[in-house]
2 protein chains.
Amino acid sequence: MVTLEDVARLAGVSRSTVSRVINGQPHVRAETKARVLAAVERLGYRPHPIARSLATRRTKVVSMLIPESLTKLFSDQFFAILLQGAVHACNTRGYQMVLALFDDPRRQEELYRQLLQNGYVEGAVVASAAPDDPVIQALREDGIPVVAVGKQPGLPYVDVNNYGGARMATEHLLSLGYRRIATITGPLSHLHVQDRLAGYRDALKAHGIPYEEELVVEGGFTEVGAMAAVAKLLPLRPEAIFVQSDTMAAGVMRALRSHGLRVPEDVAVVGFDDIPLASLLDPPLTTVRQPIRLLGFMAVELLVDLLDGHNPGPRENTVLPVELVVRSSCGITRKQFLEKRSEKPFPVKGET
Amino acid sequence: MVTLEDVARLAGVSRSTVSRVINGQPHVRAETKARVLAAVERLGYRPHPIARSLATRRTKVVSMLIPESLTKLFSDQFFAILLQGAVHACNTRGYQMVLALFDDPRRQEELYRQLLQNGYVEGAVVASAAPDDPVIQALREDGIPVVAVGKQPGLPYVDVNNYGGARMATEHLLSLGYRRIATITGPLSHLHVQDRLAGYRDALKAHGIPYEEELVVEGGFTEVGAMAAVAKLLPLRPEAIFVQSDTMAAGVMRALRSHGLRVPEDVAVVGFDDIPLASLLDPPLTTVRQPIRLLGFMAVELLVDLLDGHNPGPRENTVLPVELVVRSSCGITRKQFLEKRSEKPFPVKGET
DNA sequence: CCTAGTTGTGAGAGCGCTCCCAAGACAGGG
DNA sequence: CCCTGTCTTGGGAGCGCTCTCACAACTAGG
């Protein structure tokens with residue numbers, strides 16, 4: 001291994017001077033700098049990050065935390081895309097991303113300590129978890145630099161307009177003439193689930209349709225959970241279902257099919273997320289598109305800004321816009337939809 | 001921050017002794033050990049990994065490398081599940097996993113150096129790449145400890161029985177009476193793609209069916225690529241298609257549908273992978289199940305064994321078995337299949 | 001021409017840990 | 001009783017880097 005010392009010797013200067021050159025600090029004569037750079041080049045010197053970290057107490061390593069409650073959802077394309085965005089941000093900022101899955105509930109505490117207390121990891125992005133998730137609690141208490149994906153009280157976060165998206169989806173169904181609209185939600189402990197539910201409810205209210213509790217069923221964000229939810233819902237004869245994730249929507253469509261019902265002829269379906277799966281379903285799924293990759297990207301950007309000491313002071317939490325993508329699972333073609341919309345544009349309303 | 005020094009002072013011993021206790025080394029009197037442990041407990045001491053790394057030249061950090069050519073496939077559930085297995089292995093072995101996506105072809109070299117040369121990363125798992133991928137080349141040259149997922153000449157690897165799986169899938173279609181069987185492959189530069197193609201070809205040969213090159217089309221492992229492949233294939237009137245990945249199979253089914261063809265009545269389809277998506281398709285996809293999670297797990301296990309110096313000597317490359325999962329996209333129910341199989345069991349043949 | 005300020009460079013003390021080596025204490029064999 | 005060996009402990013030199021401080025050299029103002 002070639003060290004600073006070696007470079008210094010070859011260039012005929014001190015270690016300090018080489019260090020200054022490497023780190024782009026001022027107060028080095030141009031000629032000296034050139035000599036050092038030549039030596040660096042010649043020896044193929046690369047700074048040793050560990051040694052540097054020990055001295056500076058910085059590692060340039062952040063982590064993406066997937067709480068235990070989400071770990072079984074990890075094969076949802078949502079996470080892959082989120083991760084892609086997050087890693088991309090790391091790449092552009094010169095950081096490394098360690099992926100932490102709390103896969104074993106019993107070792108949760110241990111893994112947490114190992115990772116975050118005294119670890120390589122300087123800060124973390126935590127994927128949308130319930131506010132009472134043990135990991136969230138620990139993060140809040142420890143005061144470790146962290147950015148949450150999805151609204152999280154007491155933590156800086158990046159979120160999408162869940163309320164607006166859900167409202168848009170529901171309004172769309174309403175505008176198509178559906179009245180008896182059910183919804184399948186994620187776990188209600190998650191704030192974004194509540195926001196989406198509120199959007200659904202307010203859309204109904206705005207159209208003078210009473211909110212019926214039996215039409216709201218929890219699907220746990222899984223395909224299987226959604227199928228069970230459909231079974232509960234079917235006796236109530238819903239005309240349409242707003243489903244809080246595309247993965248669940250896939251389950252819904254499968255369940256409807258197995259009950260001999262057609263989509264959208266018998267029941268219309270709208271999802272949320274717009275993961276690649278959505279357009280692969282039969283029929284292609286109408287859904288609320290959220291900018292998942294951007295979500296991951298911005299979360300890391302925010303975190304890195306925090307760590308690098310840029311943009312100090314109280315920062316605004318970011319809420320990204322969503323967009324309704326009309327396909328055919330709701331009984332209307334995209335073309336028809338666009339024509340209709342040009343008549344009466346739907347305003348995207350923000351929240352928070 | 002509480003250091004070894006602090007603990008030593010409180011326990012009334014030297015730094016060395018505390019270090020011995022912490023690392024479970026012998027030659028410490030039981031009574032001394034107890035005193036040290038008490039001090040550790042009292043102060044809440046946790047060793048500083050960076051400092052330790054600097055001294056030992058070990059970091060306990062490995063990386064999962066996704067070559068640039070695969071990065072657009074990253075939202076394929078395959079990778080999420082692979083990653084899950086890999087991280088799980090890291091968790092059990094006390095390692096951290098950094099996720100490296102080479103998302104920018106121009107910065108590939110730079111990211112590689114940053115990560116692997118002089119980085120925190122001790123070794124890497126590289127996801128199934130073509131042998132001539134620049135990352136694979138660099139890895140081979142640098143002699144960095146690495147385990148490949150998928151056969152990789154010159155590198156230790158973990159693979160599945162691609163040949164056997166493809167052969168099984170094709171034989172299954174043959175046994176159902178299909179004669180004109182097309183196949184949609186991944187990029188032929190990948191060895192596992194070639195293995196699967198060989199399995200397909202040999203199955204045909206074993207049944208005395210001539211191999212027709214026009215029936216083999218490359219689909220690039222993407223949904224869109226597969227749809228294009230179907231368009232090419234359709235004029236040739238295939239009765240069945242063996243598709244080299246489930247994601248592509250989803251594209252195939254979508255394309256067939258848009259051409260007004262039914263699955264399996266008009267064209268039978270068999271996939272490969274058995275990702276969760278497979279059972280969500282309509283009709284549910286018959287496919288070759290590979291133990292994806294185990295693949296990721298074993299790759300990390302192997303790598304960590306290498307790093308920790310266990311099991312030295314020339315180690316065998318691992319080839320995991322696959323299994324045919326019969327659903328309904330091939331025109332036969334699982335029940336029918338099982339009945340049929342009990343008459344004439346199909347032998348799973350391995351390779352390599 | 002003296003002083004104050006600025007620029008350029010080197011010395012050296014860490015950062016927190018490991019690990020080699022020396023040395024003291026004690027045991028057992030001759 | 002001495003010598004060799006084993007167990008137990010402490011001292012201290014690193015690991016490769018950063019960063020403060022001191023100091024020399026040079027500039028410019030009065």
Side-chain angles (χ1 to χ4, degrees), chain A residues 1-40 43-61 94 113-114 117-122 307-309, chain B residues 1-40 43-61 94 114 117-122 308-309:
Chain A
M1 149 148 289
V2 29
T3 73
L4 259 198
E5 196 73 51
D6 301 328
V7 176
R9 207 175 311 120
L10 181 60
V13 295
S14 75
R15 224 168 49 248
S16 311
T17 301
V18 179
S19 176
R20 275 193 275 271
V21 172
I22 297 293
N23 295 298
Q25 285 169 12
H27 304 310
V28 179
R29 200 166 17 133
E31 192 261 336
T32 312
K33 187 169 170 182
R35 227 167 55 233
V36 169
L37 253 21
V40 166
L43 296 174
Y45 169 77
R46 327 212 83 231
H48 187 129
I50 304 279
R52 186 178 269 180
S53 291
L54 184 58
T56 58
R57 332 233 58 178
R58 297 292 315 272
T59 61
K60 298 239 170 189
V61 173
R113 304 220 162 285
Q114 196 175 322
Q117 298 188 340
N118 269 346
Y120 291 101
V121 169
E122 286 191 67
L307 294 174
D308 288 353
Chain B
M1 149 147 286
V2 29
T3 74
L4 259 197
E5 195 72 53
D6 302 327
V7 176
R9 205 174 313 120
L10 181 60
V13 296
S14 75
R15 225 167 50 248
S16 312
T17 300
V18 179
S19 175
R20 279 189 203 98
V21 172
I22 297 293
N23 295 299
Q25 284 170 14
H27 304 311
V28 178
R29 202 169 11 136
E31 192 260 336
T32 312
K33 186 168 170 180
R35 226 166 55 235
V36 170
L37 254 19
V40 166
L43 297 175
Y45 169 77
R46 326 213 84 230
H48 187 130
I50 304 278
R52 185 178 270 179
S53 290
L54 184 59
T56 58
R57 330 233 58 176
R58 297 291 317 271
T59 61
K60 297 238 172 190
V61 173
Q114 197 175 321
Q117 299 188 337
N118 269 346
Y120 291 102
V121 168
E122 286 191 67
D308 288 354

Taking only heavy atoms on the protein side, list every residue of residues 29-37 of chain B lying under 4.0 Å from any atom of DNA chain C, sorted numerically.
-> none
Got a sec? Which of residues 14-24 of chain A come in under 4.0 Å of DNA chain C, heavy atoms?
-> A:S14, A:R15, A:S16, A:T17, A:R20
Salt bridge (charged side-chain N to carboxylate O under 4.0 Å, His left out) with A:R29: which residues, sequence neighbours excluded?
-> A:E31
Any sub-3.5 Å donor-acceptor pair from B:S19's side-chain atoms to B:R15's backbone N or O?
-> no
Any donor-acceptor pair under 3.5 Å linking the side chain of A:Y120 with the backbone of B:T59?
-> yes
For A:A51, the side-chain contact (heavy atoms from CB on, under 4.5 Å) test, sequence neighbours excluded, returns A:H48, B:L54
All side-chain contact (heavy atoms from CB on, under 4.5 Å) counterparts of B:R58, not counting sequence neighbours = B:T56, B:Y95, B:E122, B:L307, B:D308
Hits for side chain to side chain donor-acceptor pair (under 3.5 Å) against A:T32, two or more places apart or cross-chain, chain-then-number order -> none
Below 4.5 Å, heavy atoms only, C-beta onward: do A:M1 and B:R57 meet side chain to side chain?
-> yes
A:R20 side chain reached by A:V13 side chain, heavy atoms, under 4.5 Å = no
At what angle, to 10 degrees, do the two end axes of the helix from C:dC1-D:dG30 to C:dG30-D:dC1 meet, given five pairs define each axis?
-> 50°
What integer distance in Å separates [X]:[atom1] from [N]:[atom2]?
X     : N      : atom1 : atom2 : value
B:H27 : C:dC20 : NE2   : P     : 12 Å
B:M1  : C:dG14 : CE    : C1'   : 15 Å
B:Q25 : C:dC17 : CD    : P     : 14 Å
A:R57 : C:dC17 : CZ    : C1'   : 12 Å
B:R58 : C:dC17 : CZ    : P     : 18 Å
B:R46 : C:dC17 : CZ    : P     : 12 Å

First and last nucleotide of DNA chain D in contact with chain B, 5' to 3', at under 4.0 Å to a heavy atom: what are they?
-> D:dC7 to D:dG16
Separation between NE2 (A:H27) and OG1 (A:T17), nearest 0.5 Å, reads 12.5 Å
Show which side-chain atoms of residues 2-11 of chain B pair as donor or acceptor with protein atoms under 3.5 Å away, not counting sequence neighbours.
{"unit_1": "B:T3", "atom_1": "OG1", "unit_2": "B:E5", "atom_2": "N", "d": "3.2"}
{"unit_1": "B:T3", "atom_1": "OG1", "unit_2": "B:D6", "atom_2": "N", "d": "3.4"}
{"unit_1": "B:D6", "atom_1": "OD2", "unit_2": "B:T3", "atom_2": "N", "d": "2.8"}

Give the minimum heavy-atom separation between B:P49 and B:P47, together with the two atoms involved.
-> CD-O, 3.2 Å
5'-most contact on DNA chain D: B:G12 or B:A55, nearest heavy atom basis?
-> B:G12
